[in-house]
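Scroll down for the structure; my scribbles are underneath it.
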Amino acid sequence: MAAIKVCPASELVEAGKKVVSIDGVEIGIFHLQGDYYAWHNRCPHQGGPVCQGRMYNLVEEVVDENRRSHGRRFNEEKLNIVCPWHGTEFDIRTGKSTGAQRWTLRPVKVFVENGEVMVDV
């Protein structure tokens, strides 16, 4: 594997993303709370361009002790990427689907070196 420079770290803003093509392989790089995550841009559901989807905080239902619903709230700690083809959601930090547990995004090693975001492909 060879480390490839993607962009200056300063270019990837907090809760931002960048999709790049390296030798015909599309990769999505995400920046969350000082950490970087990278995934192959291919949804395990049906091959859609998952990393090009929108990012949303996880929606949770508020349920009381009697199991009554009191609406929904956004979880500010969990950010998902939503595949634009069929709406399958994935946790950006883990790559795991929030619905179908068997689906996981394929990771790419990402790191910052000398102020540059780098990936190993």
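Here the structure is a predicted model, which means the values were calculated and not measured. Note that the numbering runs from 1 along the sequence shown for the chain.
Under the 4.5 Å side-chain heavy-atom criterion for Ile, Leu, Val, Met, Phe, Trp and Tyr, Val50 and Trp39 are members of the same hydrophobic cluster. Using a 4.5 Å cut-off between side-chain heavy atoms of Ile, Leu, Val, Met, Phe, Trp and Tyr, with links allowed through other members, Val25 and Val119 fall into the same hydrophobic cluster. Under the 4.5 Å side-chain contact rule for hydrophobic residues, Met118 and Ile29 do not share a cluster. No continuous path of ILVMFWY side-chain contacts below 4.5 Å connects Val117 to Tyr37, so the two sit in separate hydrophobic clusters. By the rule that hydrophobic residues join a cluster once side-chain heavy atoms approach within less than 4.5 Å of another member, Tyr36 and Val19 end up as members of separate clusters.
With contacts defined as side-chain heavy-atom distances shorter than 4.5 Å, the pair Thr104/Pro44 does not qualify. A 4.5 Å side-chain heavy-atom check between Cys43 and Pro49 finds every atom pair outside the cut-off. Here the side chains of Val108 and His40 are in contact, with some heavy-atom distance below 4.5 Å. In this structure, Pro8 and Glu116 have side chains that are in contact, with non-hydrogen atoms separated by less than 4.5 Å.
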Give the intermediate values and the outcome of side chain to side chain donor-acceptor pair (under 3.5 Å) for residues Ser69 and Glu61.
-> CA-CA 7 Å; Ser69 176; Glu61 188 166 8; 2.6 Å; yes

Go through the steps to decide whether Tyr56 and Leu79 satisfy the test side-chain contact (heavy atoms from CB on, under 4.5 Å), and finish with yes or no.
-> CA-CA 6 Å; Tyr56 293 100; Leu79 190 62; 5.5 Å; no

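Although no hydrogens or angles enter the test, the distance criterion places no donor-acceptor pair under 3.5 Å between the side chain of Asn41 and the main chain of Ile27.
A salt bridge links Lys18 and Glu11; the closest N-O separation between the charged side-chain nitrogens and carboxylate oxygens is under 4.0 Å.
The structure places CD of Glu113 at 9.5 Å from NZ of Lys5, a figure rounded to the nearest 0.5 Å. Rounding to the nearest 0.5 Å gives a distance of 9.0 Å between CG of Asp91 and CG of Leu32. In this structure, CD on Glu14 lies 5.5 Å from NE2 on His31, to the nearest 0.5 angstrom. To the nearest 0.5 Å, atom CD of residue Glu89 and atom CD1 of residue Ile81 are 10.0 Å apart. To the nearest 0.5 Å, atom SG of residue Cys51 and atom CZ of residue Arg42 are 12.5 Å apart. Note that CG of Asn80 is 8.5 Å distant from OG1 of Thr94, once rounded to the nearest 0.5 Å.
Within a 6.0 Å radius of CZ in Phe74, other residues, nucleotides and ligands contribute 12 heavy atoms or fewer. The neighbour count for Asp64 CG, taken as heavy atoms of other residues, nucleotides or ligands under 6.0 Å away, is above 12.
Ring planes of Trp103 and His45: tilted class, angle from 30 to 60°.
Of all non-hydrogen atoms in Gln46 and Trp85, the two that sit nearest each other are O-CZ3, 3.2 Å. Looking at every heavy atom in both residues, Ala3 comes nearest to Phe111 through CB-CZ, 3.8 Å. The two atoms that bring Thr88 and Ser97 nearest to each other are CG2-OG, 4.0 Å, heavy atoms only.
Listed by first then second residue, pairs satisfying salt bridge (charged side-chain N to carboxylate O under 4.0 Å, His left out) with a partner in residues 69-80 read Glu60-Arg73, not counting sequence neighbours.
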